[in-house]
Amino acid sequence: MDIETPKRRDAAFRWLGRVTGVPSVGIEQWTQGEALWKAMGNAARRPKAGELRLSPQWHYGWQSSADGDWYVHTAASRDAVWSLASQNIEPLTLHPC
């Protein structure tokens, strides 16, 4: 899981785009990438090019990763954007508080 405050991080978004091969447009994709990377057990190191496979288009709710092995759920509130990654299936119905 990754939780971030909604703000611009242009250098970080450009780096994510280079690593994933998918142009990153905002904090939503950043949280998806972080959540997926952590769920894969790799939180202690940065991904190398091609290791983190995001879908070309992000959206809120559940979506499959580019390799189809993971699902990532993204949601937002006024103060935070968060993503949760799960392997193989859409595991939960998530409701905002």
Side-chain angles (χ1 to χ4, degrees):
M1 174 176 238
D2 188 55
I3 302 172
E4 302 285 341
T5 57
K7 63 181 180 179
R8 300 265 339 145
R9 298 181 176 132
D10 293 331
F13 300 158
R14 284 190 301 274
W15 174 82
L16 181 64
R18 286 192 304 271
V19 169
T20 63
V22 175
S24 179
V25 295
I27 198 68
E28 293 86 356
Q29 285 174 304
W30 181 267
T31 63
Q32 284 186 346
E34 287 272 334
L36 182 57
W37 192 244
K38 290 173 184 176
M40 295 168 66
N42 298 315
R45 67 177 183 86
R46 286 185 157 199
K48 297 176 185 165
E51 287 185 311
L52 182 57
R53 309 266 325 266
L54 292 179
S55 294
Q57 299 289 325
W58 72 269
H59 58 81
Y60 291 110
W62 286 107
Q63 75 179 68
S64 179
S65 65
D67 62 12
D69 290 338
W70 295 86
Y71 282 88
V72 182
H73 185 279
T74 302
S77 70
R78 183 174 50 92
D79 299 319
V81 175
W82 59 272
S83 291
L84 171 70
S86 177
Q87 194 169 21
N88 297 323
I89 60 170
E90 298 177 27
L92 306 168
T93 301
L94 301 172
H95 301 281
C97 297

Problem - Exam field: side chain Gln87 to backbone Ala39, donor-acceptor pair closer than 3.5 Å - result: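 A pair under 3.5 Å: no.
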Handout entry: Main-chain N/O of Glu34 paired with Ser83 side-chain donor or acceptor, under 3.5 Å
Key =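 No.
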Residue pair [X] / [Y]: nearest heavy atoms and the distance that separates them:
X: Tyr60; Y: Ala75; value: CD2-CA, 3.9 Å
X: Gln29; Y: Pro56; value: NE2-O, 4.4 Å
X: Val19; Y: Lys48; value: CG1-O, 3.8 Å
X: Ala49; Y: Arg18; value: CB-O, 4.4 Å

Exercise for the section: For side chain to side chain contact (heavy atoms under 4.5 Å, CB included), just list the numbers for Ile27 and Phe13, CA-CA rounded to whole Å, side-chain angles, deciding distance to a tenth of an Å, and then say yes or no. Expected result: CA-CA 8 Å; Ile27 198 68; Phe13 300 158; 4.2 Å; yes
Practice task
Compare all side-chain heavy atoms of Asn42 with those of Leu52 and state whether any distance is below 4.5 angstrom.
Solution key: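 Side-chain contact under 4.5 Å: no.
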Is there a path of hydrophobic side-chain contacts, each under 4.5 Å between heavy atoms, that joins [X] and [Y]?
X: Leu16; Y: Leu36; value: yes
X: Leu54; Y: Tyr71; value: no
X: Trp58; Y: Val72; value: no
X: Leu84; Y: Ile3; value: yes

Practice task
Scan side-chain atoms only and decide if Gln32 and Thr74 contain a donor-acceptor pair under the 3.5 Å cut-off.
Solution key: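 Thr74 and Gln32 do have a side-chain donor-acceptor pair below 3.5 Å.
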Exercise for the section: Run the numbers on Trp37 and Glu51 for side chain to side chain contact (heavy atoms under 4.5 Å, CB included), then give the verdict. Expected result: CA-CA 9 Å; Trp37 192 244; Glu51 287 185 311; 3.6 Å; yes
In Å, rounded to the nearest 0.5 Å, how long is the span from [atom1] of [X] to [atom2] of [Y]?
X: Ser64; Y: Trp70; atom1: OG; atom2: CH2; result: 12.0 Å
X: Glu28; Y: His59; atom1: CD; atom2: NE2; result: 12.5 Å
X: Met40; Y: Asp69; atom1: CE; atom2: CG; result: 8.5 Å

Practice task
Kindly assign one of parallel, tilted or perpendicular to the pair His73 and Trp62, based on the angle between their ring planes and the thresholds 30° and 60°.
Solution key: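 His73 vs Trp62 ring planes: perpendicular.
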